[in-house]
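Values in this document were obtained by computation on a predicted structure and should not be read as measured data. Computed over heavy atoms, backbone and side chain alike; hydrogens, waters and symmetry mates excluded.
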Amino acid sequence: MKVLRFAPSPTGHLHIGGVRTALINFLYARSQGGELILRIEDTDQSRSSHIMCSEIIEGLKWLRIEWDHGPFYQTSNFKKYRETAFKLLGEQKAYRCFCTTAQLEARRKQFEKDEGLYRYDRKCLKLKKNQIEKKLESNQPFVIRFLVRPGLTSYKDVIHKEMKIQHSEVEDFVLIKSDLSPTYHLSVVVDDKDMNITHVIRGDDHISNTFKQILLFKALDVHPPKYAHLPLILGEDKKKLSKRHGETSIIDFKNKGYLPEAIITYLSQLSWIPGDSKKIFILGELINQFNLSKLSKASPVFDYNKLKFLNNRAIQQKNSEDLYDLLIQRDTYQKNFTSIKKELVLSLIQLIKPRMKTLADFEKKFFIYLKGNLIYNEKDMEQLHITRETKANLGHLLKGLEKIDAFTKGSVETCLRECARVNGIEAAQLIHPSRFALTSENVSPSIFDVFEFFGKHESIRRLKNFIDFIDQQKVS
Ligand code: GLU
């Protein structure tokens with residue numbers, strides 16, 4: 001059976017690149033009838049945090065990326081890592097190194113000045129047994145280093161194909177630090193071995209680590225798993241995707257109002273082409289068509305606009321009730337809109353839904369439509385040619401609207417067009433300023449739908465306020 005693991009370090013927010021790794025592990029495990037383990041790599045205790053652990057779990061659950069076992073925390077396995085390191089020490093596959101950080105740093109500086117890239121010079125490998133015993137007796141701190149013997153290591157990466165390295169390029173890396181805590185290489189290999197991991201799928205920033213880990217597997221007389229290294233996700237400037245480009249942590253995407261299905265679909269588009277690039281895929285469909293050997297080798301560029309496009313598609317697929325349920329759970333709603341009647345919110349959702357790219361977009365409109373937070377921007381006023389004449393035109397329209405009994409989009413349209421005809425102006429000369437008056441925006445759903453949404457009283461109130469506002473401006 002295929003056994004996979006997603007092994008994040010809780011030293012920072014769950015990055016969208018990490019989510020892609022989790023998704024690919026999940027899809028491969030599910031498509032193969034295998035299992036997925038969640039392993040939290042928290043051995044670096046000073047940099048790991050419980051908050052980040054919870055965020056990882058919350059993010060994965062939100063996306064419905066499910067795991068079969070765990071979460072396992074590496075901090076609860078320290079004993080096993082130590083035992084393994086001391087076993088390798090006993091078998092002369094590792095050795096104690098007493099060099100201090102300061103000594104190593106001085107030697108590195110000197111070496112790099114004279115010769116180039118420094119790798120540990122094996123000073124302590126030359127120590128005699130009695131010298132080691134003396135240092136141990138005097139409680140001199142030490143690390144345990146893996147002994148890299150001459151040779152060549154190669155492996156076939158599922159994505160990058162043949163990979164190899166000469167051992168002369170690999171340093172005798174540390175397994176156990178002087179405080180007896182394990183390094184990443186040791187804990188990863190011990191756990192991958194004990195968890196019978198068959199496939200390691202992770203970002204290609206780990207390629208150089210893989211050689212060291214294969215050496216460790218071999219030293220422990222265990223077959224290494226198969227490796228697939230996913231190409232790094234880049235920003236539009238072809239540099240590693242970071243905060244400079246936009247949100248990167250999954251919780252930020254959630255807070256901005258992206259839907260899980262849009263994120264999942266977009267991440268699969270970045271990894272291979274799952275058919276129609278405009279379609280929102282559900283996890284089941286992705287599992288059915290997943291093929292590890294079809295994953296792209298090239299680094300994908302993260303395009304926020306494409307994600308927004310897909311998010312708009314995902315929003316359109318939901319009915320107003322579903323969107324309402326999502327919106328009312330959010331902080332902005334809880335803080336500002338709980339007193340508003342559900343029917344009104346539902347009809348607003350229905351009205352504005354087509355243009356909404358994120359749930360946060362809905363919230364911006366809620367402030368305008370439900371709270372009347374209108375900001376009449378000078379630039380927009382100029383662009384719309386709001387003049388004294390506009391004020392007069394809106395005044396005529398107001399009079400007509402006041403006479404309407406059944407205030408529907410149909411009756412408002414008839415009234416507006418009649419008003420334009422009688423006053424010898426284009427309907428547009430009433431439509432655009434009315435839209436601006438009612439919403440302080442120059443784009444909106446059909447203005448007649450907007451009038452109907454507000455109803456007679458509120459429409460008239462907003463128009464009057466706008467007329468007063470024009471009065472206070474220095475418009476010609
Ligand atoms: N904990 C490592 C990280 O978050 C991943 C280790 C692995 O997948 O082997 O980068």
Side-chain angles (χ1 to χ4, degrees), residues 7 9 11 39-48 72-115 117-151 153 165-195 208-222 224:
S9 304
T11 49
R39 187 171 80 212
I40 306 285
E41 303 205 323
D42 54 351
T43 51
D44 186 347
Q45 284 165 292
S46 63
R47 290 176 58 226
S48 298
F72 296 110
Y73 294 84
Q74 287 192 320
T75 35
S76 46
N77 210 17
F78 271 23
K79 189 165 165 258
K80 188 69 196 273
Y81 306 139
R82 272 173 215 155
E83 279 169 12
T84 307
F86 280 93
K87 177 175 171 290
L88 291 169
L89 189 65
E91 293 167 354
Q92 273 95 53
K93 291 174 180 167
Y95 59 94
R96 285 188 180 86
C97 169
F98 295 90
C99 300
T100 63
T101 315
Q103 288 166 343
L104 288 171
E105 192 51 22
R107 274 165 23 220
R108 186 185 66 77
K109 268 200 186 138
Q110 185 58 42
F111 189 88
E112 291 189 346
K113 213 167 77 194
D114 303 340
E115 307 193 37
L117 185 69
Y118 174 77
R119 288 190 196 89
Y120 180 61
D121 52 18
R122 294 188 159 168
K123 188 166 184 274
C124 290
L125 184 61
K126 295 168 201 119
L127 289 175
K128 302 261 161 21
K129 215 176 157 198
N130 61 334
Q131 291 174 302
I132 295 173
E133 269 159 19
K134 244 187 171 169
K135 285 177 186 291
L136 289 176
E137 269 164 31
S138 62
N139 280 332
Q140 220 173 298
F142 63 89
V143 301
I144 298 181
R145 284 183 186 273
F146 183 76
L147 175 57
V148 181
R149 298 191 187 274
T153 288
I165 198 166
Q166 290 289 346
H167 291 184
S168 52
E169 289 177 42
V170 186
E171 181 179 59
D172 287 350
F173 52 95
V174 175
L175 299 174
I176 288 280
K177 299 181 206 164
S178 54
D179 62 0
L180 287 183
S181 68
T183 59
Y184 157 66
H185 295 301
L186 177 66
S187 54
V188 159
V189 169
V190 169
D191 284 346
D192 283 348
K193 167 180 147 315
D194 288 352
M195 291 173 171
S208 62
N209 296 333
T210 300
F211 295 110
K212 293 178 183 164
Q213 292 167 21
I214 291 176
L215 283 169
L216 252 176
F217 270 108
K218 292 195 171 150
L220 295 168
D221 297 318
V222 179

Handout entry: Any residue meeting side-chain contact (heavy atoms from CB on, under 4.5 Å) with T210, in chain and number order, not counting sequence neighbours
Key = Y155, R202, I214, Y227, H229
Practice task
Provide the closest heavy-atom pair for Q74 versus V188 in the form atom of the first, atom of the second, distance.
Solution key: NE2-N, 4.0 Å
Exercise for the section: Looking only at non-hydrogen atoms, find the nearest pair between L180 and R82 and report the distance. Expected result: O-NE, 2.8 Å
Problem - Considering all heavy atoms, the nearest V143-S178 contact - result: CG1-N, 3.6 Å
Problem - CD1 on I165 to NZ on K212, rounded to 0.5 Å - result: 8.5 Å
Exercise for the section: May I ask you to test the L88-L220 pair for a side-chain heavy-atom distance under 4.5 Å? Expected result: yes
Practice task
Answer yes or no: is there a side-chain heavy-atom contact under 4.5 Å between F142 and I176?
Solution key: no
Fill in the blank from the handout: The complete set of ring-ring contact (aromatic ring centres under 6.0 Å, His included) pairs with one or both residues in residues 171-194, sequence neighbours excluded, reads F146-F173, F173-H185, Y184-H206
Practice task
Could you pull out all residues at least two apart from Q45 that satisfy side-chain contact (heavy atoms from CB on, under 4.5 Å)?
Solution key: T75, F78
Problem - Value rounded to 0.5 Å, distance of OG1 in T153 from CG in L215 - result: 4.0 Å
Completion exercise
In short, L89 meets I144 closest at the heavy-atom pair CD2-CD1, 4.1 Å
Handout entry: Criterion side chain to side chain contact (heavy atoms under 4.5 Å, CB included) on Y120 and V174, from CA distance to verdict
Key = CA-CA 10 Å; Y120 180 61; V174 175; over 6 Å; no
Handout entry: Between CG on residue L175 and OG1 on residue T84, distance to nearest 0.5 Å
Key = 9.5 Å
Problem - Test item: F98 and L127 side chains (from C-beta on) under 4.5 Å apart, heavy atoms - result: yes
Problem - Heavy atoms from other residues, nucleotides or ligands near NZ of K126 exceed 12 (cutoff 6.0 Å) - result: yes
Fill in the blank from the handout: side-chain hydrogen bond (donor to acceptor under 3.5 Å, both in side chains) pairs touching residues 132-143, sequence neighbours excluded, are none
Handout entry: Verdict with supporting geometry, M195 and F72, side chain to side chain contact (heavy atoms under 4.5 Å, CB included)
Key = CA-CA 11 Å; M195 291 173 171; F72 296 110; 3.7 Å; yes
Practice task
With sequence neighbours left out, write down each residue that passes salt bridge (charged side-chain N to carboxylate O under 4.0 Å, His left out) with K129, or none if nothing qualifies.
Solution key: none
Practice task
Would you mind checking if D192 and R39 are paired as a salt bridge, meaning a charged N to carboxylate O distance below 4.0 Å?
Solution key: yes
Problem - Gap between atom OG of S187 and atom CG of D42 - 0.5 Å precision - result: 9.0 Å
Exercise for the section: Any pair with a residue in residues 86-111 that passes side-chain hydrogen bond (donor to acceptor under 3.5 Å, both in side chains), sequence neighbours left out, goes on the list, sorted by first then second residue, please. Expected result: K87-E91, E91-K93, Y95-D172, T100-Q103, E105-R108, R107-D121, R108-E112, Q110-D114
Practice task
Using a 4.5 Å cut-off on heavy atoms from C-beta on, say whether the side chain of R145 contacts that of T183.
Solution key: no
Practice task
Please tell me if the side chains of E41 and S9 come closer than 4.5 Å, counting only heavy atoms from C-beta onward.
Solution key: yes
